[in-house]
Structure formats: C-alpha cells, structure tokens
Amino acid sequence: MLGPVILAASRSDKMRRFVSAAPGTKQVVARFIAGESVDQVVPIIVDAADKGLEVTLDVVGEDITTVEQSHAARDAYLELIDRLKDLGLGTKAEMSVKLSMFGQALEGGHELALANVRPVVEAAAAIGTTVTLDAEDHTTLDSMFAIHDELRKDFPQTGCVIQAYLFRTEADARRLAANGSRVRIVKGAYKEPAEVAYQDKAEIDKAYVRVLRILMEGEGYPMIGSHDPRLISIAQELARRAGRKLDEYEFQMLYGIRSDEHLRLAAEGHRMRVYTAYGTDWYGYFMRRLAEKPANLLFFARSILTKD
C-alpha cells in the first residue's frame, strides 16, 4: 500500500525539498533519468541505436505555473529535435510529451497546450519521427484526446497513451483502435480514486489484457508499455492470434529497468523502444517510478542513508 503514499508525496513541495537534499538521491535518480541536458542524452540514443533499440524521449518537468514556462518546454523539445536531425537519428527516436508541461492546466490551457505542441509535432514529422501524448491524471484526458484527434488530422502518426486501471479505458481503446491510432498501453502511475479506477493489482492486470486484446485486434499500432514478464508473454500470444507481424506492434520499457530484457526482445526481432527521460525537473517522474515497484523504494531508502 506504499504506492498511493508515494504518489501523494510526488505533489508535496516539502517532500520535494527533502528528497532533493538527501545525500543518496543523485545516485538513485541517475538510474531512471538519463541526464540533465541534450548533450548528456545524445550518447545514450546513439548507444541504443547501435544495440538495435529505439527510444522515446521525455523532457521531464510537468508542474509549470506560467505561460513562459510552457514556451520554454516547447523550445526544449524543438532543441532536441534539432540535435536529432543533425545526428541523423530521427528514425530511431520519437518524443513523448506531457501536455501539462505545455500549459494544459493554466487558464485557457487546452488551446495553449495545442498551440505549443503543434510545432513540436511538425518539427518531428520533418525529420521522420513523431510524438506520443502521455496520459496524466483522469481529469486531463478529455483534453488530451481532443488534442490528439486534432493533431492526427495533419499528422496521423501522432500517438497517445491509455491507462489500463481507468474504467473508461476499454471504450477509449475501441475508438482509438478503430481509428488506426498509435497507442501505448500502460497500467497507470497516478493516484486515482476508486470511483474512476481499479485499485486492486489483479484487476488492473485483467483490464490491461482486455485492453491489449482490443488494440491487437484493431486497426492501429499497439505499443506495449510493461516490464511484467507475464504481460509481455500474453502480448506476444495476442499478437500471434491477431496475425500481426513483428513490425506491427512494439514493446516499450523504461530506461534503467530490465535492460537485459530490452536486448532480449530486440534480438528476437521485436521493435523495442526505451522510454528515456532527461532534464532537471525530475522529481515528479522519479517519485512515480518509486511508487510503481517496492524494490525501487527500498533501493532509494538504502541510498539516502549513505553519502553521495
């Protein structure tokens, strides 16, 4: 039951200050965050490409409070795309964006987020890659899906994320699969109330499989976001039953978690994409990684008792 407590802490400024100051934090954060700048993350992209892996890049930092910050987030992604273009890595790396970082929660945020994300999607398309809109808490999803629909009018390759633990997700999956969308399915990593989301792990896993079956049998491109060996095996079986070729779906896993499995799936011929986050505002992303797996929390607890 620690997960909900950690997720609540991810919104606490007091906990942010404590965690940031803890002597072992830097060591643990480095496990999940690839670096603070584009220069630091570029070698990781190159190394992944050399190993037959692809990446999706997330410039972390979602708790913005001003329009100027939303523009800075847009510009950070445009800088990243320029570097990918210069390196010829456009086909090996896509972008993942959180619309909260683009101003979604501000006054007039829906229009602001759309205006900020559109040039990023355009620039990504120009170098042969695309953008996936990450899912956040359930109150933001209607706006996210509306922006996704709008972007797909000009850039149909634009992807989005759905979360298995939400009751609404099966209906969302049917619509997206029928529309031929690129869809990443994850379990969900936000603290959601029982009125809108499954709370039991077994129920979430069952929902994940139901949603995955909808995506595999649909017209879109499923992206399986999971580190769970059982769910990975189920995904492979559902793909086989649906008659999908290896390039008609992909697996996605987080940077720093089960790296050996990244290589194993790639060696089997699967498309394997590593979700790679970087940037200085890492706290919210880091805390959700701790909440997802108790072993991560134990690793962190041991580390903060030691000096950096």
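- V131 has its side chain out of reach of F155: every pair of non-hydrogen atoms, C-beta onward, lies at least 4.5 Å apart.
- The backbone N or O of H138 sits less than 3.5 Å from a side-chain atom of E192, completing a donor-acceptor pair.
- The 12-atom threshold is exceeded at CD of E268, counting heavy atoms of other residues, nucleotides or ligands nearer than 6.0 Å.
- With hydrogens and angles ignored, the 3.5 Å screen pairs no side-chain donor or acceptor of E54 with any backbone N or O of R271.
- Screening D86, L80, L87 for a side-chain contact (heavy atoms from CB on, under 4.5 Å) with V42, the sole residue that qualifies is L87.
- For E219, the CD atom counts as loosely surrounded, since its 6.0 Å shell holds 12 or fewer non-hydrogen atoms of other residues, nucleotides or ligands.
- Under the 4.5 Å side-chain contact rule for hydrophobic residues, M95 and V46 share a cluster.
- Annotation for D134 and M144: closest pair O-CG, 4.1 Å, computed over non-hydrogen atoms.
- Panel note: side chain T169, backbone Q163; a donor-acceptor pair is recorded below 3.5 Å.
- Of the candidates T276, T56, D58, S96 forms a side chain to side chain donor-acceptor pair (under 3.5 Å) with just one, namely T56.
- Residues V59 and M101 have side chains in contact (heavy-atom distance under 4.5 Å, counting atoms from C-beta outward).
- In the hydrophobic cluster analysis, where Ile, Leu, Val, Met, Phe, Trp and Tyr join through side-chain heavy atoms closer than 4.5 angstrom, L78 is grouped together with L114.
- Side-chain atoms of H227 come within 3.5 Å of backbone atoms of L254 as a donor-acceptor pair (strictly under, hydrogens ignored).
- Of all the heavy atoms in A115 and P119, the pair that sits closest is O-CD, 3.0 Å.
- Both Y208 and M216 are members of a single hydrophobic cluster when ILVMFWY side chains are connected at heavy-atom separations under 4.5 Å.
- A donor atom on one side chain and an acceptor atom on the other are found under 3.5 Å apart for S143 and Q104.
- Side chains of I45 and L57 form a contact here, defined as non-hydrogen atoms less than 4.5 Å apart.
- Looking at H148, its side chain does come within 3.5 Å of a backbone N or O of T158 through a donor-acceptor pair.
- Between the E248 side chain and the P222 main chain, no donor and acceptor come within less than 3.5 Å of each other.
- Relative to the six-membered ring of F145, R175 meets both conditions, a distance below 6.0 Å and an angle of at most 45° to the axis.
- If you take CG on D228 and CD1 on I234, they are separated by 8.0 Å, rounding to the nearest 0.5 Å.
- For the atom pair CZ of R273 and OG1 of T132, the computed distance is 7.5 Å after rounding to the nearest 0.5 Å.
- No continuous path of hydrophobic side-chain contacts links M223 to L231 [ILVMFWY only; heavy atoms under 4.5 Å].
- Checked by atom type and distance alone, the side chain of Y198 never pairs as donor or acceptor with a backbone atom of D205 at under 3.5 Å.
- Between K51 and D47 there is a salt bridge, since a side-chain N of the basic residue sits under 4.0 Å from a carboxylate O of the acidic one.
- Judged by distance alone, the side chain of H270 and the main-chain N or O of Y249 form no donor-acceptor pair under 3.5 Å.
- A donor atom on one side chain and an acceptor atom on the other are found under 3.5 Å apart for D137 and T139.
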